[in-house]
Amino acid sequence: MFNTGILSIGSYIPKKKLTNFDLEKILDTTNEWIIERTGIKERYIVEEEKASDMALKAVENMLEKRIVKKEEIEMIILSTATSDYNGYPSTACILQSKLELKDIPCFDITAACSGLIYAISIANAYIKSGIYKKILVVGVEKNSDILDWNDRNTAVLFGDGATAIVVSSDSKNIIQNIETSSNGENYKVLIVDPFIKMEGKEVFKYAVKEGSRLIEKSLNKLKLSKEDISMYIPHQANIRIIDGISKKLKINKKLFYSNVEKFGNTSSASIGIALDEVIKKELLNVNSKVVLFAFGAGLSSGIVLFEYNEKI
Ligand code: COA
C-alpha cells in the first residue's frame, strides 16, 4: 500500500460580493439576525460563470504554485450539486476539456457539503492501491443557481466558490485517517428540488452530533488526544454549529478555523477554501496535525486527518 497525501491546493472566489445589507433589500431579514444566527456577513456569487469555469480558475490557481504540473494529473473527481448540465456530461469532463487533458478518467460525485471529503476518500483509495499517483479533486458550487431568493431561511446562508486539491503518493502531508458516513433515513431534511429546501434545526442538530462523533472516532482510531490536533477545519455552514462542536468536545474554539463570515456556505468547496486560506496565512507548522470535517445533505458526513509537513 502506498502512502497518500495532500500535495497542492488552490481556490477561487467569484468577484461579486453580496452583503447582508444587500439581502435586507430583497428579503424580510436583517444584518443583525444573519450575523447572530449564522456568523455570516457576506458571500460571493457568480454572474455569467458556470461551475466548470469556477473549477478551472481554482485549478489554475493551484497550478500557479508549480507544485504539480497539469500533465501529471491522472484522474479528475469533481464534487458539485450544480453541474453545468443537468444529468450529463459530468462537469469533471468539461473541466478536463478546458484543461486540455487527454485520455484520463473524469467523473462527478454527489455528496453535497461532504463532497470534498468523499472525493478525497475515493482518490485516496486509488492512490493507496497504486493505480494512480496524482488525482485532481475539485469541489465547486454555484449555490446561487439553486437558491430560492424569496426564501429567507436558505438564501442568506450560501455562497459560490471552488477549490482544487491534488491527492498524491508524492506528498509528505500524509493522510492518516479518513472516515465517511451517511444517514439516508433523514434525506428529506435538506433537498434540492429545484431549489434548496431545508429543515434548518434538524440539519443543525445532525451537524453538531455527527461532527463530534466523527472527530472522536478518528482520534480514537489513531490513539490521538484532542490536544494533538493543531487545527480543526470544519465545513463552513454556521459559526454556531462550529462553536457547538467545540463545546460538545470541550476543545478550545480557537483551534476551529472559520471564514464563514466572509464566504457563507460554499458547500463542497468550503473546506478547501478554508484550508487554502490557512496555508496562505501560514498558520500551520511542520508536524501540525490537521482535521478536515464535513456534514451535509444525504445526510452525509466525513473527516480527513492529515499531518502537514510541506507547503501545499
Ligand atoms: N431573517 C430573519 N428571520 C429569520 C430568517 C432570516 N434570514 N430565517 C429564519 N428566520 C426566522 C424564522 O422564520 C423563525 O421565526 P418564527 O419564530 O417567527 O417562526 C425565527 O427566525 C427562528 O427560526 P429558527 O429556524 O428557529 O432559527 P435557528 O436558530 O434554527 O436558525 C438556521 C436557523 C437556518 C440559521 C439554523 O437552523 C441553521 O443554521 N441550520 C443549519 C443550516 C445549515 O447549515 N445547512 C447546511 C448544512 S450543510
Side-chain angles (χ1 to χ4, degrees), residues 18-43 79-82 110-119 139-144 146-161 163 180-184 186-193 195-212 214 233-248 256 258-261 263-274 292-303:
L18 205 58
T19 66
N20 291 349
F21 298 107
D22 296 325
L23 293 176
E24 281 184 353
K25 292 179 197 143
I26 56 167
L27 284 166
D28 180 15
T29 191
T30 61
N31 175 50
E32 291 73 29
W33 192 95
I34 303 171
I35 292 178
E36 191 194 310
R37 307 310 290 164
T38 73
I40 300 165
K41 291 184 178 161
E42 56 201 32
R43 72 288 289 144
S79 165
T80 189
T82 52
T110 302
C113 300
S114 310
L116 190 74
I117 302 288
Y118 273 64
V140 55
E141 306 286 0
K142 193 180 174 186
N143 283 317
S144 54
I146 52 169
L147 282 172
D148 173 354
W149 288 98
N150 297 311
D151 178 10
R152 67 178 183 175
N153 291 300
T154 52
V156 303
L157 301 175
F158 295 88
D160 298 339
T163 190
T180 45
S181 182
S182 303
N183 204 338
N186 289 330
Y187 73 93
K188 280 190 179 157
V189 303
L190 183 49
I191 57 174
V192 177
D193 184 30
F195 300 115
I196 300 176
K197 295 184 191 76
M198 181 178 69
E199 291 175 36
K201 277 195 198 312
E202 290 308 312
V203 179
F204 193 107
K205 279 190 275 179
Y206 170 80
V208 174
K209 201 171 152 198
E210 185 64 6
S212 310
L214 279 190
I233 305 182
H235 168 48
Q236 305 291 315
N238 184 328
I239 194 67
R240 287 165 52 226
I241 293 177
I242 298 172
D243 290 349
I245 294 169
S246 76
K247 207 167 151 193
K248 195 169 160 69
F256 284 74
S258 178
N259 60 11
V260 73
E261 86 172 42
F263 305 119
N265 180 345
T266 56
S267 304
S268 62
S270 92
I271 291 174
I273 292 169
L292 314 174
F293 70 96
F295 41 81
L299 294 167
S300 61
S301 60
I303 188 165

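In each ligand, atom 1 is the first atom listed, and ligand 1 is the first ligand listed.
Per-atom contact check: atom 5 (C) of ligand 1 touches the protein, criterion being a heavy-atom distance below 4.0 Å. For atom 16 (P) of ligand 1, the protein comes within 4.0 Å by no heavy atom at all. Inside a 4.0 Å radius of atom 8 (N) of ligand 1 there is at least one protein heavy atom. Within a 4.0 Å radius of atom 26 (O) of ligand 1, the protein contributes one or more non-hydrogen atoms. For atom 19 (O) of ligand 1, no protein non-hydrogen atom is found at a distance below 4.0 Å.
Residue His235 has at least one heavy-atom neighbour below 4.0 Å for each of these atoms of ligand 1: 48 (S). Heavy-atom proximity to Val156, at under 4.0 Å, picks out these atoms of ligand 1: 7 (N). Those atoms of ligand 1 with a heavy atom of Phe295 less than 4.0 angstrom away are 48 (S). Atoms of ligand 1 lying under 4.0 Å from any heavy atom of Cys113, numbered from 1 in the order shown and given with element: 48 (S). Below 4.0 Å from some heavy atom of Ala237 lie the following atoms of ligand 1, by number and element: 44 (O). The atoms of ligand 1 that sit less than 4.0 Å from any heavy atom of Asn265 are 46 (C), 48 (S). Those atoms of ligand 1 that come under 4.0 Å of a heavy atom in Lys201, given as number and element, are 24 (P), 26 (O), 28 (P), 30 (O), 37 (O). Of all atoms in ligand 1, numbered sequentially from 1 with element shown, those under 4.0 Å from a heavy atom of Arg240 are 29 (O), 31 (O).
For Thr30, no nitrogen or oxygen atom sits less than 3.5 Å from a nitrogen or oxygen atom of ligand 1, counting backbone and side chain alike.
For Asn186, the side chain to side chain donor-acceptor pair (under 3.5 Å) criterion is met by no residue, not counting sequence neighbours. With sequence neighbours excluded, no residue satisfies ring pair (Phe, Tyr, Trp, His ring centres under 6.0 Å) with Tyr206.
Nearest protein neighbour of atom 10 (N) of ligand 1, counting heavy atoms only, is Trp33 CZ2, 3.4 Å. In terms of protein heavy-atom proximity, atom 45 (N) of ligand 1 is closest to Met198 SD, 3.1 Å. From the protein, the heavy atom lying nearest to atom 39 (O) of ligand 1 is Asn238 ND2, 2.7 Å. At the shortest separation from atom 47 (C) of ligand 1 among protein heavy atoms lies Val203 CG1, 3.6 Å. If you check which protein heavy atom lies closest to atom 29 (O) of ligand 1, you get Arg37 NH2, 2.5 Å. Atom 14 (C) of ligand 1 has its closest protein heavy atom at Arg152 NH2, 4.6 Å. For atom 40 (N) of ligand 1, the closest heavy atom belonging to the protein is Gly200 O, 2.9 Å.
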task = Under the side chain to side chain donor-acceptor pair (under 3.5 Å) rule, what do Thr266 and Gln236 come out as? Steps first, then yes or no, please.
result = CA-CA 7 Å; Thr266 56; Gln236 305 291 315; over 6 Å; no
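Distance CG/Leu23 to OG1/Thr30: 11.0 Å, rounded to 0.5 Å. To the nearest 0.5 Å, atoms CZ (Phe295) and OG (Ser212) are separated by 10.0 Å. In this structure, the separation between NZ on Lys205 and CG on Leu299 is 12.0 Å, given to the nearest 0.5 Å. For the atom pair CG (Asp22) and CZ (Arg43), the distance works out to 8.5 Å, reported to the nearest 0.5 Å. Rounded to the nearest 0.5 Å, atoms CD1 (Ile196) and CD1 (Ile191) are 11.0 Å apart.
With a 4.0 Å heavy-atom cut-off, ligand 1 is reached by no atom of Leu27. Proximity of Thr29 to ligand 1, defined as any heavy-atom pair under 4.0 Å, is shared by backbone and side chain alike.
Ligand 1 lies within reach of Thr38, whose nearest heavy atom is under 4.0 Å from it.
Counting heavy atoms from C-beta on, the side chains of His235 and Ser114 never come closer than 4.5 Å. By the 4.5 Å heavy-atom criterion applied to side chains, Phe263 and Ser270 are not counted as neighbours. The closest side-chain heavy-atom distance from Thr29 to Ile34 is below 4.5 Å. A 4.5 Å side-chain heavy-atom check between Ser79 and Tyr118 finds every atom pair outside the cut-off.
When atom types are taken as modelled, the side chain of Arg152 and the backbone of Leu27 share no donor-acceptor pair closer than 3.5 angstrom.
Residue Lys197 qualifies as enclosed at atom NZ: its count of foreign heavy atoms under 6.0 Å is above 12.
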